[in-house]
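Structure first, then comments.
Residue indices begin at 1 and follow the sequence shown. Computed from heavy atoms alone, side chains included, the values below leave out hydrogens, waters and symmetry copies.
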Amino acid sequence: MISVRRRGSARLAAAVLASGLIAAGAVATAAPAVADDAVPFEGGVTATLNGLQESATAVITHKDGKKQKVGAGLFGLTVNGGGSLQTYCIDIANPTQSKAQYEERAWDQTSLHNNADAGKIRWILQNSYPQVNDLSALASKAGAQNLTKELAAAGTQVAIWRFSDKANVEAQNPEAEKLADYLEQNAQSLEEPKASLSLTPPAVSGKPGDRLGPIGVQTNADSVTVEPGAASADVKIVDKNGQPVTSASNGSELFFDVPTGTEPGSTSMSVKATTKVEVGRAFASKSKSQTQILAGSSESTVTATATAEWAKAGPIPAVSAKENCAKGGVDITATNEGDEPFTFDLAGESHSVEAGKSETITIPVKEDQAYKFTIKGPNGFEKTFEGVLDCETTGTENGPVPSSEPSPATAGGSGDEVGGDTPAETPGGDLAETGGSSATPMIAGVALALVLAGGATVFFLRKKKAVAGE
């Protein structure tokens, strides 16, 4: 939650430029588009960040010896479709973006992918506030005299940062610091929580007359509703026995039943449920806003979608994508259920998947870099995958970067180094910025400048070429 505007701006500028290059080399040649699915999202909860709910002051000591005050505490998010979440930050030096959109993610798609202490963070979440709301009992375990909600949230956040970011950070209030020390010293490694809802695989293909699938349902909800997308009225969602279904449960297998003679086309299915998301699930943003980890959930709406493609002959592709933090890129999986090879271009290279085969291609993407890949195929097939790779914590190795501007009221205050005065116990104007929405005009300016610069370069190169040809 430290303001890192200078370094962040440079990284964003590089990301804008690099993503433009990636997008330019990712488009394959084929028929006009009929579908454009901005993924990857494997399913679960999507939510909007509201800001810090309960917090107090913490102090980070950087490697250069400088100290900086930050707001440490519990965030609130509103679930898209209904419900609410409470989360803690697991990327201390990355600012939040006002009203950022977040998606539920597995640990291997976030900065927790290579963190041996990820399981200890989950233990802290299960054994501290707000999961433990008896603050007197929590204070007694920690050897503290008194804990308010704000101090309990700050102490919990500080303990998490010590594992998520390996940060040298302490709660300013002694009672909150006792809680942080207790949680850090007693944390045990727990298993990663299961997804609230996902469909595997998220894309299938085949020929009319076949049942396309199976698509497995994984959920912690008692049941999910199943709704078909727009397609021929004869295409149905069925179970393994061929019976039409409108609901399913964990472990169910679903199929698209495409009648013989159906013209080439595509459709989708959506599954939805209301459930509590398990504590410890990670949440990543679409706008390089700090990664969060779940501390509490109301009954919330969870969703997932799967697609199907069919044709009578030729290549019949199904394509999906998944961020791969271990390899530092995006896995593009292409399956071909047709009777001819499926050939496509991806990131400037040609690929071919034989009939009846599947291939996964990992496209390298730099940390914090925006990416956009488009794959085209026969019968108007087109899939677009876009996002921002966010697999590492930002880090605090460069020391504090104070902010001269106040951040949004929902997300803390402006940055400042620790001085001789005793700061307040709740976030105010002397805390590190966690909102970061003031960076939006800067991002737009950088993007515009790059576009103009690129246009000018093309103009002058063409002019030079024209002169040389005279």
Side-chain angles (χ1 to χ4, degrees), residues 34-46 80-81 103-106 109 194-208 210-221 223-259 262 264-273 275 301-311 316-323 330-338 342 353 358 360 373 375 377 379-387:
V34 296
D36 189 2
D37 300 323
V39 284
F41 175 53
E42 293 186 340
V45 162
T46 60
N80 302 331
E103 297 175 344
E104 181 181 346
R105 294 284 182 89
Q109 296 180 61
K194 296 180 180 179
S196 61
L197 176 62
S198 65
L199 296 176
T200 306
V204 294
S205 62
K207 296 181 178 181
D210 295 339
R211 295 177 192 161
L212 313 186
I215 297 171
V217 178
Q218 297 84 40
T219 182
N220 65 355
S223 65
V224 299
T225 59
V226 181
E227 299 179 357
S232 167
D234 294 332
V235 177
K236 296 179 175 62
I237 309 301
V238 300
D239 62 17
K240 61 184 179 181
N241 298 316
Q243 297 300 310
V245 296
T246 57
S247 64
S249 59
N250 185 51
S252 295
E253 291 186 339
L254 304 176
F255 299 78
F256 293 91
D257 189 358
V258 183
T262 304
S266 64
T267 190
S268 63
M269 75 167 77
S270 296
V271 297
K272 182 184 296 185
T275 187
T301 300
V302 296
T303 59
T305 302
T307 61
E309 309 279 340
W310 62 85
I316 311 174
V319 182
S320 60
K322 180 179 179 180
E323 290 180 0
V330 179
D331 287 343
I332 306 292
T333 299
T335 300
N336 179 15
E337 294 296 340
F342 170 46
V353 180
S358 181
T360 297
F373 306 111
I375 298 175
N379 302 309
F381 176 88
E382 180 172 323
K383 289 284 185 178
T384 295
F385 307 100
E386 59 183 315

- Give a yes or no answer on whether the side chain of Asn241 reaches the backbone of Gln243 with a donor-acceptor pair at less than 3.5 Å. no
- Message: Keeping Asp257 on the side-chain end and Val238 on the backbone end, is there a donor-acceptor pair under 3.5 Å?
- Response: no
- Polar side-chain atom of Glu104 near backbone of Val45 as donor-acceptor pair, under 3.5 Å: yes
- Item | Exercise: identify the closest heavy-atom pair between Phe255 and Pro214 | CZ-CB, 3.4 Å
- Task: Please list, chain by chain and in numerical order, all residues satisfying ring-ring contact (aromatic ring centres under 6.0 Å, His included) with Phe342, sequence neighbours excluded.
- Result: Phe344
- Got a sec, which residues hit side chain to side chain contact (heavy atoms under 4.5 Å, CB included) with Pro228, two or more places apart in sequence or on another chain? Ile237
- Among all residues two or more places apart in sequence or in another chain, which pass the side chain to side chain contact (heavy atoms under 4.5 Å, CB included) test with Thr225? Lys272
- Test item: Glu103 and Gln109 side chains (from C-beta on) under 4.5 Å apart, heavy atoms: no
- Query: Looking at side-chain heavy atoms only, is the closest gap between Ser358 and Thr333 below 4.5 Å?
  - Reply: yes
- Item | Interatomic spacing from NZ in Lys240 to CG in Leu254 - rounded to 0.5 Å | 11.5 Å
- Item | Partners passing side chain to side chain contact (heavy atoms under 4.5 Å, CB included) against Ala311 (at least two apart in sequence or in another chain) | Pro264, Ile316, Asn379
- Query: Is there a donor-acceptor contact under 3.5 Å from the side chain of Asp210 to the main chain of Leu212?
  - Reply: no
- Note on the structure: Taken in chain and number order and not counting sequence neighbours, the residues that satisfy side chain to side chain contact (heavy atoms under 4.5 Å, CB included) with Ser223 are none
- Task: Kindly indicate whether the side chain of Val330, heavy atoms from C-beta on, has any atom under 4.5 Å from the side chain of Phe385.
- Result: no
- Query: Are the side chain of Asn250 and the backbone of Thr219 linked by a donor-acceptor contact shorter than 3.5 Å?
  - Reply: yes
- Please identify each residue that fulfils salt bridge (charged side-chain N to carboxylate O under 4.0 Å, His left out) with Lys207, with sequence neighbours left out. Asp339
